[in-house]
Amino acid sequence: DVKRFVKHLAKNTGIVESPHKLELEMADYDLEAPDRIRDNTLKKYLELLSVNGIIHRVPVYDPKRKNTKINMSAYYFSDIGIARVLNGGKLNLKALYSSIICNELSDAELFTGRYITTERVDSLRTRRVHKAVDLLIPDQIAIQVIPVFHKSELAEACHAMKLLGNDYRKFVVT
């Protein structure tokens, strides 16, 4: 169970997860596995890996409301080599760069920023849109990682950074 869990976590490095979401994803992914790993067990595994320094837990923070979201976090491996080996020698560039930055800022109180805003669809309608900042130190630094240049991703990063206001020093890592 632990091996299956750590392999799954390596494939989802940097993605915001909750123990319940992990349980559902692993049940869908491991169809041949005899038993489902329950979310309470996954929560204990995450705590053990975090306490022992194998992974960094980066909780979700809502910059607009200035509060953390309970039970949701992104996880980064302290040793990127472990994540690569567990993931079959591959780690996407965003996860790689984010892990390196997370390791460098491990002494700081680090968060991932997630919030909901409205966006105008046309002159009459608006829709709710989820915005994200990859790594955030509240009221200090905001970091967005864009490993491959895509105009849409850069526009998305600029919009998310603009919503944070002037309280942050903002960095886009490309």
Side-chain angles (χ1 to χ4, degrees), residues 6 8-22 25 46 49-50 53-122 125-174:
V6 175
H8 184 77
L9 195 60
K11 289 180 182 170
N12 295 305
T13 298
I15 297 174
V16 174
E17 302 278 6
S18 68
H20 180 69
K21 185 178 170 187
L22 273 170
E25 285 177 1
L46 289 168
L49 290 173
S50 183
I54 296 170
I55 60 172
H56 294 291
R57 179 180 176 268
V58 181
V60 172
Y61 178 79
D62 186 342
K64 282 186 160 184
R65 294 196 178 111
K66 302 221 181 254
N67 66 356
T68 58
K69 303 206 178 188
I70 299 171
N71 211 21
M72 292 187 72
S73 298
Y75 298 93
Y76 297 96
F77 279 82
S78 302
D79 185 349
I80 299 163
I82 291 173
R84 288 190 71 185
V85 167
L86 292 170
N87 202 18
K90 298 176 186 172
L91 194 62
N92 70 40
L93 288 176
K94 184 169 182 135
L96 179 70
Y97 293 153
S98 298
S99 295
I100 291 169
I101 294 167
C102 187
N103 285 334
E104 289 295 318
L105 297 174
S106 63
D107 293 339
E109 189 176 7
L110 202 58
F111 294 91
T112 182
R114 303 262 190 249
Y115 48 93
I116 298 171
T117 187
T118 56
E119 195 174 81
R120 186 163 297 283
V121 177
D122 55 30
R125 296 180 304 150
T126 60
R127 65 178 176 165
R128 290 170 45 116
V129 180
H130 295 268
K131 297 291 179 181
V133 176
D134 292 330
L135 298 168
L136 189 75
I137 299 173
D139 299 325
Q140 292 181 28
I141 298 173
I143 300 170
Q144 188 75 25
V145 178
I146 305 173
V148 180
F149 180 77
H150 290 289
K151 191 175 181 180
S152 62
E153 285 187 26
L154 191 57
E156 180 78 20
C158 289
H159 183 70
M161 294 294 200
K162 196 184 301 180
L163 288 174
L164 287 173
N166 295 326
D167 297 338
Y168 291 86
R169 289 183 303 169
K170 301 164 187 149
F171 300 95
V172 176
V173 178
T174 60

Once rounded to the nearest 0.5 Å, what's the spacing between atom [atom1] of [X] and atom [atom2] of [Y]?
X: Ile55; Y: Asp79; atom1: CD1; atom2: CG; answer: 13.0 Å
X: Ile80; Y: Ile100; atom1: CD1; atom2: CD1; answer: 4.0 Å
X: Phe111; Y: Ser73; atom1: CZ; atom2: OG; answer: 9.5 Å
X: Lys170; Y: Lys162; atom1: NZ; atom2: NZ; answer: 10.0 Å

If the condition is side chain to side chain contact (heavy atoms under 4.5 Å, CB included), which residues does [X] pass it with, not counting sequence neighbours?
X: Asn67; result: Asp62, Arg65
X: Ile141; result: Ile137, Ile143, Arg169, Phe171
X: Arg128; result: Ile116
X: Val85; result: none

Please confirm whether the backbone N or O of [Y] pairs with a side-chain atom of [X], one donor and one acceptor, at under 3.5 Å?
X: Ser98; Y: Ala95; value: no
X: Thr13; Y: Tyr75; value: no
X: Ser78; Y: Gly53; value: yes

Practice prompt. Please examine the side chains of Phe77 and Val6, heavy atoms only from C-beta on, and report whether any two atoms are closer than 4.5 Å.
Written response: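 When only atoms from C-beta onward are counted, Phe77 and Val6 do touch, with a gap below 4.5 Å.
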Worksheet entry | For Tyr97, all residues meeting ring-ring contact (aromatic ring centres under 6.0 Å, His included), sequence neighbours excluded |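 So Tyr97 forms no ring-ring contact (aromatic ring centres under 6.0 Å, His included) with any residue.
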Item to complete: List for me each residue that meets ring-ring contact (aromatic ring centres under 6.0 Å, His included) alongside Tyr168, sequence neighbours excluded, and say none if there are none.
Response: none
Item to complete: Before giving the answer on side-chain contact (heavy atoms from CB on, under 4.5 Å), spell out for Tyr76 and Leu135 the whole-Å C-alpha distance, their side-chain angles and the decisive distance to 0.1 Å.
Response: CA-CA 11 Å; Tyr76 297 96; Leu135 298 168; 4.1 Å; yes
Give the table of side-chain donor-acceptor pairs shorter than 3.5 Å for residues 15-22, with sequence neighbours excluded, one pair per line with atom names and distance.
| from | atom 1 | to | atom 2 | distance (Å) |
| --- | --- | --- | --- | --- |
| Ser18 | OG | Lys21 | N | 3.1 |
| Lys21 | NZ | Val16 | O | 3.2 |

Worksheet entry | Residues that Asp122 engages under salt bridge (charged side-chain N to carboxylate O under 4.0 Å, His left out), provided they are two or more places apart | Arg125
Discussion item. Holding to side-chain hydrogen bond (donor to acceptor under 3.5 Å, both in side chains), I want the full list of residues that pass it with Asn103, two or more places apart in sequence or in another chain.
Written reply: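 Result, side-chain hydrogen bond (donor to acceptor under 3.5 Å, both in side chains) vs Asn103: His56.
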Worksheet entry | Residue pair Val133 / Gln144: nearest heavy atoms and the distance that separates them | CA-OE1, 3.2 Å
Item to complete: Determine the minimum heavy-atom distance between Ala74 and Gly14, stating which atoms define it.
Response: CB-O, 3.8 Å
Worksheet item: What pairs meet the salt bridge (Lys or Arg N to Asp or Glu O under 4.0 Å) rule with one or both residues in residues 94-113, with sequence neighbours excluded?
Response: Lys94-Asp134
Item to complete: Please list all pairs passing the salt bridge (Lys or Arg N to Asp or Glu O under 4.0 Å) test where one or both residues lie in residues 135-149, with sequence neighbours left out.
Response: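 Qualifying pairs, neighbours excluded: Lys66-Asp139.
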